[in-house]
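All remarks here apply to the structure that follows.
Order of the sequence lines fixes the chain letters, A, B, ..., with proteins taken first and strands second; residue numbering starts at 1 for each chain.
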Amino acid sequence: MLTLPFIRANQETTIADLQKKHFANAAEIVAQLIAQDDQRKALLQQAESALEKSNAAAKEIGALMQSGQKELAEGKRAETAALKASIKEMEEAAKAAEKELTDLLVTLPNLPHSSVPQGKTADDNEVVLTWGSLPELPADAQPHWDLIKKYDIIDFDLGNKITGAGFPVYKGKGARLQRALINFFLDEAIKAGYYEIQPPILINEESGFGTGQLPDKEGQMYVTKEEGLFLIPTAEVPITNLYRDVIVNEKELPIKNVGHTPCFRREAGSWGAHVRGLNRLHQFDKIEIVQIHKPENSYAALEEMSLHVQGLLQKLGLHYRVLRLCGGDMGFASALTYDMEAWSGAQNRWLEVSSVSNFETFQANRLKLRTKIDGKSILCHTLNGSALALPRIVASILENNQGPDGIKIPEALVPYTGFTHIN
RNA sequence: AGAGGGGUGUCCGAGUGGUUUAAGGAGCACGCUUGGAAAGCGUGUGUAGGUCUCAAGCUUACCGAGGGUUCGAAUCCCUUCCCCUCUACCA
């Protein structure tokens with residue numbers, strides 16, 4: 001959530017930045033926000049001065065009662081009683097104005113960083129770098145959805161039976177590969193100074209709001225019927241919300257947390273040929289890194305996180321590229337996002353395997369996550385990234401490493417899998 | 001899940017309708033004292049909003065959360081969340 005003082009002080013750039021993110025009617029909405037804020041302030045002042053009068057009168061009555069002047073007190077009481085209704089009305093009006101204002105403010109996306117390229121779609125993203133080279137594959141190379149059947153390691157039919165589409169069952173070496181990747185990614189993060197967290201994977205509404213999933217993306221999450229709890233779409237939600245309503249001691253910054261969780265996404269209406277197999281699932285495992293910083297350090301941290309993710313891909317020997325997302329393709333809450341895409345040999349295309357973002361104060365403002373610097377409380381910057389999401393990594397490893405001996409496990413993973421080939 | 005007891009500031013803790021403008025203590029910060037330290041003494045010590053060029057000041061809200069009663073609520077009532085004890089159940 002953007003802050004009103006910032007919008008007021010930077011109207012021109014706010015409008016231009018919103019347009020860069022292809023937010024419709026930016027100028028009108030900014031003007032409307034400011035008008036509503038003016039109105040809110042006026043109503044608030046009205047209500048507060050009425051309250052002040054009523055508080056003073058109540059105090060006077062108290063004093064009169066105490067000194068035994070009952071009749072004077074009774075008179076005063078009758079007088080003050082008449083104020084009540086109008087005070088209530090004013091308070092309600094002020095509250096309604098504030099809610100209206102917040103409801104509108106919450107619809108504004110975060111402003112993009114100056115380095116974010118102009119553009120509308122994924123085609124406009126900027127390729128920052130490409131690492132490695134195309135894998136050499138046999139002529140009869142198969143896509144991963146055939147390989148998993150050939151080696152009987154991931155079973156969609158069984159998942160269909162017990163749950164539904166998009167909930168695969170991992171079996172044998174497929175299950176062990178999952179576990180190996182999870183441990184490998186966690187260990188690498190811990191080596192890089194992250195602190196491991198195992199959060200709940202159901203979250204309440206406040207948490208959904210704190211990181212920006214609610215009220216907007218309600219349809220993306222599964223909800224429990226009785227309690228109204230949401231299954232997390234990413235560990236970012238619980239791990240970042242640990243710091244909701246917290247004033248972090250400056251000495252504790254930066255905070256670097258990592259957690260592995262399953263992630264649940266409804267992905268309503270997005271099924272088709274390009275989301276076959278492991279490319280898009282309703283449930284998948286992901287290791288998420290989350291950092292909290294003082295504002296001046298957050299962009300250095302973003303680069304560090306990007307390098308960490310790249311290090312993982314390099315150790316797995318996957319051909320990858322890094323994209324700087326354009327304004328139109330970025331997430332709602334992000335100020336700058338790097339996507340890492342791994343090459344999928346048999347599908348002949350790039351698969352997004354990580355997304356690393358700096359949210360600046362956007363989430364912190366919703367979370368009320370602050371720190372104190374020189375006695376002043378300021379909003380922290382939050383960042384997060386996948387390090388990494390499993391299914392597409394598995395797809396890439398299977399496709400890129402297939403050969404006559406079966407699928408070769410990347411060397412860095414062998415200590416974790418305990419086997420060198422899937423065959 | 002049933003019965004009972006609780007939730008007050010950074011922490012402990014008093015407070016069952018009106019100088020509570022949240023007592024008292026601890027902690028922390030600064031000062032005095034001291035050769036130095038401790039002790040002692042003094043002062044200060046939250047968050048958010050509004051007003052204000054800034055600061056100060058003034059003001060509103062905040063005693064788990066949300067509503068209500070009242071001229072006035074930490075205190076009374078309702079709803080809800082969380083914690084503790086016992087019972088039940090369970091991995």
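- Taking a pair to require two hydrogen-bonding distances under 3.5 Å in either a Watson-Crick or a G-U wobble arrangement, B:rA1 pairs with B:rU87.
- Checking B:rG49, B:rG18, B:rG72 against every side-chain atom of A:Lys84, the shortest atom distance belongs to B:rG72.
- The side chain of A:Ala58 has B:rG18 as its nearest neighbour among B:rG18, B:rG46, B:rG50.
- Under the Watson-Crick or G-U wobble criterion, with both distances below 3.5 Å, B:rG40 is paired with B:rC32.
- Side chain of A:Lys21 to main chain of A:Phe332: a donor-acceptor pair is present (N/O by atom type, distance under 3.5 Å, no hydrogens or angles).
- Between the CD atom of A:Glu252 and the P atom of B:rU10 there is a distance of 15 Å, given to the nearest Å.
- Contact check on A:Asp38 versus A:Arg8 returns a salt bridge, with a Lys/Arg side-chain nitrogen under 4.0 Å from an Asp/Glu carboxylate oxygen.
- Checking B:rG27 for Watson-Crick or G-U wobble geometry (two distances, each under 3.5 Å) identifies B:rU45 as its partner.
- If you measure from atom CD of A:Glu92 to atom P of B:rG67, you get 10 Å, rounded to the nearest angstrom.
- Whole-Å rounding puts the A:Glu91 CD to B:rG50 C1' distance at 14 Å.
- Spacing between B:rU70 and B:rU75 at atom C1', rounded to whole Å, works out to 13 Å.
- Under 3.5 Å, the side chains of A:Gln291 and A:Glu304 contain a donor-acceptor pair of N or O atoms.
- Between A:Phe264 and A:Tyr222, the ring planes are perpendicular. Angles over 60° get that label, and only those under 30° would be called parallel.
- Pairing for B:rG57 goes to B:rU51, judged as Watson-Crick or G-U wobble with the two contacts each under 3.5 Å.
- Proximity note for A:Thr80 (side chain, C-beta onward) versus B:rG50, B:rU47, B:rC71: the nearest is B:rC71.
- Remark: A:Gln45 is in phosphate contact with B:rU51, judged by side-chain N or O atoms under 4.0 Å from OP1 or OP2.
- B:rG25 and B:rC63 have their P atoms separated by 24 Å, given to the nearest Å.
- Between A:Lys53 and A:Lys41, it is A:Lys41 whose nearest contact on RNA chain B lies nearer the 5' terminus.
- If you measure from atom CG of A:Leu51 to atom C1' of B:rA73, you get 14 Å, rounded to the nearest angstrom.
- A:Ser377 comes within contact range of the sugar-phosphate backbone alone, with a heavy-atom separation under 4.0 Å but no base atom that close.
- Between the C1' atom of B:rG50 and the CD atom of A:Gln39 lies a distance of 16 Å, rounded to the nearest Å.
- Among the protein residues, A:Lys372 comes within range of the sugar-phosphate backbone only, with heavy atoms under 4.0 Å from sugar or phosphate atoms but none that close to a base.
- For the P atoms, the distance linking B:rC71 with B:rG57 amounts to 34 Å, nearest Å.
- When both distances must be under 3.5 Å, the Watson-Crick or G-U wobble mate of B:rU20 does not exist.
- Rounded to a whole angstrom, the distance from the C1' atom of B:rU51 to that of B:rC41 is 39 Å.
- For A:Glu48, the side-chain atoms get nearest to B:rU60 when compared with the rest of B:rU60, B:rU70, B:rA48.
- Out of B:rG46, B:rU60, B:rU51, the shortest distance to the side chain of A:Glu52 is found at B:rU60.
- Remark: P of B:rG64 and CG of A:Asp245 are 15 Å apart, rounded to the nearest angstrom.
- The pair A:Asp37-A:Arg40 meets the salt-bridge criterion, with a side-chain N (NZ, NE, NH1 or NH2) lying under 4.0 Å from an Asp/Glu carboxylate O.
- Under a cut-off of 6.0 angstrom, the local environment of CZ in A:Phe419 is crowded, with over 12 non-hydrogen atoms contributed by other residues, nucleotides or ligands.
- As rounded to the nearest Å, B:rG24 and B:rC82 have P atoms that lie 36 Å from one another.
- At least one test fails for A:Lys173 against the ring of A:Tyr151: distance under 6.0 Å to the centre or angle within 45° of the axis.
- Between A:Arg40 atom CZ and B:rU60 atom P there is a gap of 17 Å when expressed in whole angstrom units.
- With a cut-off of 3.5 Å on both pairing distances, B:rA73 has no Watson-Crick or G-U wobble partner at all.
- Atom name C1', nucleotides B:rU80 and B:rG44: the rounded distance is 39 Å, in whole Å.
- Pairing for B:rU80 is with B:rG64, a Watson-Crick or G-U wobble pair whose two hydrogen-bonding atom distances lie under 3.5 Å.
- Atom P of B:rG2 sits at a distance of 40 Å from the matching atom of B:rU19, rounded to the whole Å.
- Rounded to whole Å, the separation between the C1' atoms of B:rU21 and B:rU60 comes to 14 Å.
- Nearest nucleotide to the A:Leu44 side chain, out of B:rU47, B:rC71, B:rG49: B:rG49.
- Looking at A:Asn204, its side chain never comes within 3.5 Å of a backbone N or O of A:Leu229 through a donor-acceptor pair.
- The distance between atom NZ of A:Lys59 and atom C1' of B:rU59, rounded to the nearest whole Å, is 12 Å.
- For the pair A:Ile61 and A:Ala56, nearest-nucleotide mapping onto RNA chain B gives the more 5' position to A:Ala56.
- Under 4.0 angstrom from either OP1 or OP2 of B:rG72 there lies no side-chain N or O belonging to A:Asn55.
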